[in-house]
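Being a predicted model, the structure only gives us computed values, none of them experimental. Just follow the structure's listing: the first ligand is 1, and inside any ligand the first atom is 1.
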Amino acid sequence: MQTATIQFDKFQAAKDDDCQARILAAREKLGKRLVILGHHYQHESVYRHADYTGDSLKLSKYCDSLDAEYIVFLGVHFMAEVADILSRPEQIVVLPDLAAGCSMADMANLAKVERSYRELSKVLDFDQTITPVTYINSAADLKAFCGEHGGIVCTSTNAPKILEWGFSQREKILFFPDQHLGRWSGYKMGIPLEQMPVWDPDLPMGGLTAQQIKDAKILLWKGHCSVHQMFRKQNIDQFRAQHPDGKVISHPETAFEVCINSDYVGSTEYILRTVSEAEPGSKWLVGTELNLVTRLADEMKPQNKLVQFMSHVVCECSTMARIDPQHLAWCLENLAEGNIVNQIKVPEHEAKLAKLTLDRMLAVS
Ligand code: SF4
């Protein structure tokens, strides 16, 4: 029988240990009606409850094959939107804290992208010459924009393949919202840096001349990840001075200077696989989110591998950190009582267009 919704303030001051016990009790009650997906950047206190873990691409691939009635997402808002778009209509996707957004995703919004479309259309025929490519770290309405304009979604795993697809459709790409992933992927394809100018959506004509737009191969949206921008070449230089035999591995959301000075660059799944499969006793400097690196360092200790975080300052994704044991316990207890809280539901017309681009991406990758 359904009861009144349990208010979050009852959980606000709850101790972590109490919440852990309450999460387990609610899970027991929900049984197979519930599945929990956890992104690698989540803190261990909630990550341990995930049935499936992964980066954005891996988690999105799970979504259309899950049977559970409730999908609880330990991640940020755009990831829960993707889960809603790819799951069946009757399934309910829940984000334990609605304030868990992504600062990078927020750097592009539909109004700015549509204004950019209008401005670029003054210089060239957008729909004939530009493939819009959005990183999966973006709101559903931007994925829908790409669906409407012959574009596609990419992740950090498949970005180079997706760019190839984009160029097979049209001669140029507008890449948003992460300039660093776009630049690194384009560079790996052999595109000169001067043909990948930054498009600043807050300036008239993106801050570019008509000639610069015509000469560009990729227009890079002026956006970045606040976590990955903290890593510096100096961090790499210091590590190499201390450990000349060590290796450096970075996520492509880091700045170009960091990527080019790393031995390996790739998605979180790639980072996990590369370090896990490396020789026992090897030494690694890792440029990605702190929770992932801390977990990896612990896992690698029995093999005597040194796994060092790239920055001296804490680079945790603060929005991911909003998903804590208190919010997870609160939403699971409500679900166990038949109360749906924090459901993520993408409007149908948006979901349809966004799904088109996600399906394109899954087919290409
Ligand atoms: S790490 Fe960066 S890109 Fe990833 S969710 Fe956090 S803010 Fe967004």
### Ring centres under 6.0 angstrom apart (H327, F11)
no
### Query
Within the distance-only criterion (no hydrogens, no angle test), does the side chain of Q20 pair as donor or acceptor with the backbone N or O of S45 below 3.5 angstrom?
yes
### Query
With a cut-off of 4.0 Å, which atoms of ligand 1 are near a heavy atom of Y41?
1 (S), 4 (Fe)
### Contact atoms of ligand 1, heavy-atom distance to S103 under 4.0 Å
7 (S)
#### Entry: ligand 1 versus E253: contacting region, heavy-atom distance under 4.0 Å
side chain
### Message
For the OH atom on Y270, are there more than 12 heavy atoms of other groups (residues, nucleotides or ligands in this structure) within a distance under 6.0 Å?
### Response
yes
### Query
Which heavy atom of the protein is the closest neighbour of atom 3 (S) of ligand 1, given with residue, atom name and distance?
N137 ND2, 3.2 Å
#### Entry: Reference residue W284; test ring-ring contact (aromatic ring centres under 6.0 Å, His included); the match among F239, Y264, F309
Y264
### Task
Could you tell me whether Y135 and F176 have their ring centroids closer than 6.0 angstrom?
no
### Task
Assess R295 against Y41: is NZ or CZ under 6.0 Å from the centre of the six-membered ring, and within 45 degrees of the ring's axis?
no
### Task
Tell me whether C225 has at least one N, O or S atom under 2.8 Å from atom 6 (Fe) of ligand 1.
no
## Note on the structure
among protein heavy atoms, the one nearest atom 6 (Fe) of ligand 1 is C317 SG, 2.3 Å
### Query
Any N/O/S atom of C102 sitting less than 2.8 Å from atom 8 (Fe) of ligand 1, backbone or side chain?
yes
